[in-house]
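By convention here, the first residue in the shown sequence is residue 1. In what follows, every heavy atom counts, from backbone to side chain, and hydrogens, waters and symmetry copies are set aside.
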Amino acid sequence: MSIAATAEIHPQAVVEDGAVIGEGVTVGPFAVIGPQVSLAEGVTVKSHALVTGQTSVGPGTTIFSFASVGEIPQDLKFAGEETRLEIGARCRIREHVTLNTGTEGGGGLTRIGDDCLLMTGCHVAHDAIVGDRVIIVNHSAVAGHCRIEDDVIIGGLSGIHQWVRIGRGAIIGAVTMVTHDVIPHALVQAPRGELDGLNLVGLKRKGVARGDITALRAAFQMLKQGEGAFQDRASRLAAETESDYVRQITDFILSPSDRGFLTPK
């Protein structure tokens, strides 16, 4: 066990032998820190939270009460192999959130990026890779092997099907089931997850230039109404565009997909 001199461990917390506790870490009463856990500087683990497994938590992250972080996957194929969970810097992991380690068949790693907000009761399953500045709202679930890119927002009570990719800057409305890949900067809503346009509010909030937003609008219309298959339209768009934002969409569509794509109606 390694506990930095400036760490504050409540006497009623359990820190198991082998854990690494960095400078300025705070561990509240009745929290449990497992033997393979590493907490970087400034991490706060509040009362009654569990951090276990082969788990590393980045600097400045806060784990709130009753969260379960680093438990084994909910996968019947899991046979006790050594797999990991990595959490980035300055994340907020709220009450009753559950985060699982990876599986051997899925690459052995579940990862949460920097500056993420995981709200009450949400779940991130084994082998999911979550980017930076992602918000997952209350009681939503990200299934195994998903890829959630930077700046995505997933609305409350939503479910993301296993192997789905969600492109950067997309927003998923509340109470939505997403079963296919979502292109970057998209707006998806309705119970069965329909691609309903662009995340224009998010683009404007980020200060994206008007010219890029205009290019994205035109690109969306071409993907919706152009000739040929969806990938054919994306290929033509990639050859014509000068917008980096549009290129994010075409690169996403032309990369491998396990689930296919939500397409404009």
Side-chain angles (χ1 to χ4, degrees), residues 2-10 13 15 19-28 31-34 36-71 84-102 109-125 127-142 146-156 160 166-172 184 199 202-203 205-208:
S2 172
I3 301 179
T6 57
E8 297 182 6
I9 311 297
H10 193 281
V15 179
V20 177
I21 310 297
E23 298 286 348
V25 167
T26 301
V27 180
V32 177
I33 309 299
Q36 296 178 292
V37 170
S38 174
L39 305 180
E41 63 272 15
V43 167
T44 297
V45 180
K46 300 206 172 198
S47 65
H48 297 86
L50 168 67
V51 187
T52 189
Q54 191 170 320
T55 297
S56 62
V57 181
T61 285
T62 300
I63 300 173
F64 286 76
S65 300
F66 304 105
S68 177
V69 175
E71 266 292 3
R84 296 176 292 133
L85 168 66
E86 296 177 358
I87 299 170
R90 300 173 302 279
C91 292
R92 286 168 286 170
I93 299 170
R94 295 302 308 239
E95 297 83 355
H96 299 283
V97 167
T98 54
L99 306 176
N100 294 156
T101 57
L109 173 66
T110 305
R111 179 187 295 135
I112 310 295
D114 296 336
D115 300 298
C116 293
L117 171 58
L118 309 185
M119 296 172 70
T120 301
C122 73
H123 174 66
V124 178
D127 307 298
I129 304 297
V130 177
D132 298 336
R133 300 174 300 280
V134 170
I135 299 174
I136 305 177
V137 182
N138 302 54
H139 303 290
S140 292
V142 176
C146 288
R147 298 292 183 269
I148 313 297
E149 295 186 355
D150 297 346
D151 301 304
V152 166
I153 299 175
I154 298 174
I160 313 301
I166 298 181
R168 66 177 59 197
I171 186 168
I172 309 301
N199 180 16
L203 290 164
R205 284 177 178 171
K206 292 184 182 71
V208 175

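Residues L99 and L118 are in side-chain contact: their nearest non-hydrogen atoms beyond the backbone lie under 4.5 Å apart. At least one side-chain heavy atom of R94 sits under 4.5 Å from a side-chain heavy atom of L117. E71 is listed as a side-chain neighbour of L50, based on a closest heavy-atom distance under 4.5 Å.
Considering all non-hydrogen atoms of both residues, V137 and G156 come closest at CB-N, 3.5 Å. Between G131 and V134, the closest heavy-atom pair is O-CG2, 3.7 Å. In terms of heavy atoms, A13 sits closest to G28 at CB-O, 3.3 Å. In this structure, A40 and G58 approach most closely via the heavy-atom pair CB-C, 3.8 Å. The minimum heavy-atom distance linking R133 with D151 is given by the pair NE-OD1, 2.7 Å. Across all non-hydrogen atoms, the minimal contact from V45 to A31 is CG1-CB, 4.0 Å.
The distance from the CG atom of L39 to the OG atom of S56 is 9.5 Å, given to the nearest 0.5 Å. Between atom NZ of residue K46 and atom CD1 of residue I93 there is a gap of 13.0 Å, rounded to the nearest 0.5 Å. Atom CD1 of residue I63 and atom OG1 of residue T55 lie 8.5 Å apart, to the nearest 0.5 angstrom. How far CD1 of I172 is from CD1 of I154: 6.5 Å, rounded to the nearest 0.5 Å. Put simply, CD1 on I112 and CD1 on I136 are 6.0 Å apart, with the number rounded to the nearest 0.5 Å. Interatomic distance, N138 CG to E95 CD, rounded to the nearest 0.5 Å: 9.5 Å.
In this view, F64 satisfies the ring pair (Phe, Tyr, Trp, His ring centres under 6.0 Å) rule with no residue, not counting sequence neighbours.
Using a distance-only test at 3.5 Å, with no hydrogens or angles considered, no donor-acceptor pair links the side chain of T44 to the main chain of T62. With hydrogens and angles disregarded, a donor-acceptor distance shorter than 3.5 Å links the side chain of S140 to the backbone of G155. Side-chain atoms of E149 do not come within 3.5 Å of backbone N or O of G167 as any donor-acceptor pair. Judged purely by atom type and a 3.5 angstrom limit, H123 uses its side chain to pair as donor or acceptor with the backbone of T98. The main-chain N or O of D114 is found under 3.5 Å from a side-chain atom of D132 such that the two form a donor-acceptor pair.
Results of the side chain to side chain contact (heavy atoms under 4.5 Å, CB included) test with V25 over I3, T6, V43 single out V43 as the only residue that passes. Put simply, the residue from V124, I166, D150, V152 that forms a side chain to side chain contact (heavy atoms under 4.5 Å, CB included) with V130 is V124.
Between H48 and S65, the side chains place no donor N or O within less than 3.5 Å of an acceptor N or O (distance only, hydrogens not considered).
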Sequence neighbours excluded and cut-off under 3.5 Å, please list the side-chain donor-acceptor pairs for residues 84-92, or say none.
residue: R84; atom: NH1; partner: E86; partner atom: OE2; Å: 2.4
residue: E86; atom: OE1; partner: R111; partner atom: NE; Å: 3.4
residue: R90; atom: NE; partner: D115; partner atom: OD1; Å: 2.7
residue: R90; atom: NH2; partner: D115; partner atom: OD2; Å: 3.0

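In the displayed structure, E23 atom CD is contacted under 6.0 Å by more than 12 heavy atoms of other residues, nucleotides or ligands.
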